[in-house]
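Chain letters run A, B, ... following the sequence lines, proteins first and then strands; every chain starts at 1. Being a predicted model, the structure only gives us computed values, none of them experimental.
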Number of protein chains: 2
Amino acid sequence: MSKRFDLQLPSRRQEGPTTVVTIADVARHAGVAPSTVSYVLSGKRSISGDTRERVQASVRALGYRPNASARALASNRSNVLALVIPLRTGMHVPVLMQFATSVVTTARRYDHDVLLLTADEGPSGLERVAQSALVDALVVMDVELHDERVPVLRELPMPSVLIGFPAEAEGLTCIDLDFVNAGAECVDHLTDLGHRSIALLGTPSAVYERQTGFAHRTLAGFRSAAERRGVTGIETPCENTFEAVLETVGQLLDEHPDLTGMVVQNEPIIGPLLDVLRRLGRRVPEDMSLMAICADDVAERQVPQLSSVAIPADEIGQQAVESLIAKLEGHEVPALTLFPPRLTPRASTCAAP
Amino acid sequence: MSKRFDLQLPSRRQEGPTTVVTIADVARHAGVAPSTVSYVLSGKRSISGDTRERVQASVRALGYRPNASARALASNRSNVLALVIPLRTGMHVPVLMQFATSVVTTARRYDHDVLLLTADEGPSGLERVAQSALVDALVVMDVELHDERVPVLRELPMPSVLIGFPAEAEGLTCIDLDFVNAGAECVDHLTDLGHRSIALLGTPSAVYERQTGFAHRTLAGFRSAAERRGVTGIETPCENTFEAVLETVGQLLDEHPDLTGMVVQNEPIIGPLLDVLRRLGRRVPEDMSLMAICADDVAERQVPQLSSVAIPADEIGQQAVESLIAKLEGHEVPALTLFPPRLTPRASTCAAP
DNA sequence: GTGAAAGCGCTAACAC
DNA sequence: GTGTTAGCGCTTTCAC
């Protein structure tokens, strides 16, 4: 097929051997030394207005782009951050992707790019990109309480930031939503409305079994708040299928006929859950008050709109990158940054019947 | 907080100034020239078994990792691929992420890493990473019929592969599911079962308005197959909310009381759609046969399990990387690779009433 | 089969 | 305020 078009492509050939424009070319064109070009570009020393403009004009005229490898080799900085996303079973992908997008966007604002690492290379993948100096620093997502990547991170000769945090966070920089208080605030909100028996419908059990930080801590907050407020707190994981929701909720209502409040921390089952409650004859919120821990847009898209605690993925991703940049510049950053939960009451919760 | 632990960290200090191990160190340790080490590692010339083993032993003993920037600078190859994912409204993120995962995994198999680019830098982001030699090649996802990135790709001094394909694909390498035939096969399957009036419930209208390739081509295949088979084909976009599904389907059933077959190409509304049909008193498949164009696991997770045409994201992502690697090695690759649709009948379709 | 040495394109002392 | 130059760590001729 490509042969058919050969005759239409002479214009690309005419450009001749496309030699790459180097800093030396720019220097020659502007009549200055290569280092001067470098300094104009980096702003690392003061340059006379006249020189600066001549150089900038030459850069534009020649279409100069600094070679990333040469720059990295000479400056010992690749200007690339690693983003480690293990796509584990049970995790809700859109939320992870919201973190990722935020990380990329923020990184670009600080003139960095993002290298994507997934799980299947294991912890040694972190060593590889770090020790080969492919990246300057790492953002690590979806951290488990006893994460095998954590000891690796500790030994790495470069800064890293965790989104989420492990049991043993000493010496690490961690950023997360305060899930303990998120769980607690849900209990408080429902208890304030007079509910005395509240269930937490959680993530798939695999997520708890891995001791994933956020699920674990939400549970802890839920449990202790229920105790503190003297209400019954029921906890159950839930798989991401319609049947699982049907069965889990059915059993919940059977065993706890006095249940009037639910907290769901499992985005993909929110739709099915509302459907199941309807089928089982429980109106939301008249018979059952429902809260979600999820992104605001998800909560608002439901019928009725759900009272929720938001997951501020954008802010967390941004904060992660900004902490990393600060560390790269030699600044101290807090070992732990917890974003306070933000609860928005909507139509899915009301006073207990 | 970090001060509290100062006393516990002497072991890290004791290691002294952690100088980086270079190829010269390895050469010295093994008693050979640096170039020999390089050749042992690259396999680009034959080395005596004895020398090879001494070098490999030294590499292990010193924990040597080649510096990526130095290697890239000298060899003119960064061994990094760019993955361009514009996260546009209406796209189903888990599917995109499945492509991305497959790209990363395959890239690693060919000893490459993946740099993540999102939309917000625009087409100039492609120029930036290409012209700075940050990457060797690009994988571009979510291609529109008239995509502004396409002219940029044509002028770039490096290979690229599109997942999806634009209206004017000349000179480009494109890989995709054959969505035209996917749409047609759905119509054929339903028509073979005796259905005479079939609706396509599509993606949000924004996706069509952008002229996104896959949605556009599915529609074309659906339309021409309906014509060819002499059945009524009804087409409607659908937003990703429960209300939209309720309204769209309600209207569809009102206006086309003879409708007995539906094709849905919009993953997030599959659950709500089944719910809506139930509410409106249509049993699946007895009253309404339903087909989906979606990942197999999504189809199998529904109740009833859905007859579907699969989106082979893993294979497509893998093929994209393999084509790119081939191009990097100077091989010719097909301008267009279309994966044939694979239709699996399940419980959601049966003979027309 | 192996070594010596010339770059790759840039940054950052060090000069003046 | 600007120029000179010595590397950064590796690959790859060229020479033997």
Side-chain angles (χ1 to χ4, degrees), chain A residues 17-56 58-59 62-80 111 130-136 157 328, chain B residues 17-56 58-59 62-80 111 130-134 136 157:
Chain A
T18 314
T19 58
V20 177
V21 180
T22 73
I23 199 170
D25 298 326
V26 176
R28 214 171 299 125
H29 187 273
V32 299
S35 60
T36 300
V37 177
S38 175
Y39 285 121
V40 168
L41 261 34
S42 70
K44 287 191 181 173
R45 78 180 181 192
S46 57
I47 301 281
S48 74
D50 175 52
T51 308
R52 179 177 24 261
E53 287 182 8
R54 275 214 323 289
V55 169
Q56 284 166 342
S58 299
V59 165
L62 302 182
Y64 170 68
R65 293 270 191 177
N67 179 296
S69 315
R71 186 173 259 188
L73 180 57
S75 67
N76 205 22
R77 273 271 195 288
S78 67
N79 272 32
V80 175
D111 198 32
Q131 294 175 358
S132 67
L134 232 188
V135 305
D136 294 333
L328 282 171
Chain B
T18 313
T19 58
V20 176
V21 179
T22 72
I23 199 170
D25 298 324
V26 176
R28 214 170 301 124
H29 187 273
V32 298
S35 58
T36 299
V37 176
S38 175
Y39 284 121
V40 167
L41 260 34
S42 70
K44 287 190 180 172
R45 81 179 179 193
S46 57
I47 301 281
S48 75
D50 175 52
T51 308
R52 177 172 30 257
E53 286 180 8
R54 275 214 322 289
V55 169
Q56 285 166 343
S58 299
V59 165
L62 303 181
Y64 170 67
R65 293 271 191 178
N67 179 296
S69 314
R71 187 172 256 190
L73 180 58
S75 67
N76 204 25
R77 274 271 198 286
S78 65
N79 272 31
V80 175
D111 199 32
Q131 293 174 359
S132 66
L134 232 188
D136 294 334

Calculate the interatomic distance between [X] atom [atom1] and [N] atom [atom2]; express it in whole Å.
X: B/I23; N: C/dT2; atom1: CD1; atom2: C1'; value: 14 Å
X: A/Y39; N: C/dA12; atom1: OH; atom2: P; value: 7 Å
X: A/R71; N: C/dA12; atom1: CZ; atom2: C1'; value: 13 Å
X: A/R65; N: C/dC10; atom1: CZ; atom2: P; value: 13 Å
X: A/N76; N: C/dT11; atom1: CG; atom2: P; value: 13 Å
X: A/N67; N: C/dG9; atom1: CG; atom2: C1'; value: 6 Å

Side chains of [X] and [Y]: does their closest heavy-atom pair fall under 4.5 Å?
X: B/N67; Y: B/T22; value: no
X: A/D25; Y: A/R28; value: yes
X: A/R71; Y: A/N79; value: no
X: B/V80; Y: A/V80; value: no

Name every donor-acceptor pair, under 3.5 Å, that has one atom in a side chain of residues 32-44 of chain B and the other anywhere in the protein, sequence neighbours excluded.
residue, atom, partner, partner atom, Å
B/S42, OG, B/S38, O, 3.3
B/S42, OG, B/K44, N, 3.2

The side chain of B/S48 lies closest to which of these nucleotides: C/dC10, C/dT2, C/dC8? C/dT2
Please check this pair: side chain of B/R54 against backbone of B/A30, looking for a donor-acceptor N/O pair closer than 3.5 Å. yes
Within the side chain of A/S78, is there an N or O that forms a donor-acceptor pair under 3.5 Å with the backbone of A/L134? yes
Reading DNA chain D in the 5' to 3' direction, which nucleotide is the first one with an atom under 4.0 Å from a heavy atom of chain A, and which is the last? D/dG1 to D/dG9
Using a heavy-atom cut-off of under 4.0 Å over every strand shown, decide if B/L73 touches base, sugar-phosphate, or nothing. base
Which is true for B/S38 with a 4.0 Å heavy-atom rule: it touches a base, it touches only sugar-phosphate, or it touches nothing? base
Is a donor-acceptor pair below 3.5 Å formed from side chain B/S35 to base C/dA4, judging by atom type as modelled? yes
Using the closest heavy atom to pick a nucleotide of DNA chain C for each, name whichever of A/S75 or B/G31 lands nearer the 5' end. B/G31
Whichever of A/A74 and B/A33 has the more 5' nearest nucleotide on DNA chain C, that residue is B/A33
I want to check one thing: is the phosphate of C/dC10, taken as OP1 and OP2, less than 4.0 Å away from some side-chain N or O of A/Y64? yes
Which residues in residues 49-56 of chain A have a heavy atom closer than 4.0 Å to any atom of DNA chain C? none
Could you measure the distance from the CD atom of A/Q56 to the OG1 atom of A/T51? Nearest 0.5 Å is fine. 10.5 Å
CG (B/D111) and CZ (B/R77) are apart, to the nearest 0.5 Å, by 12.5 Å
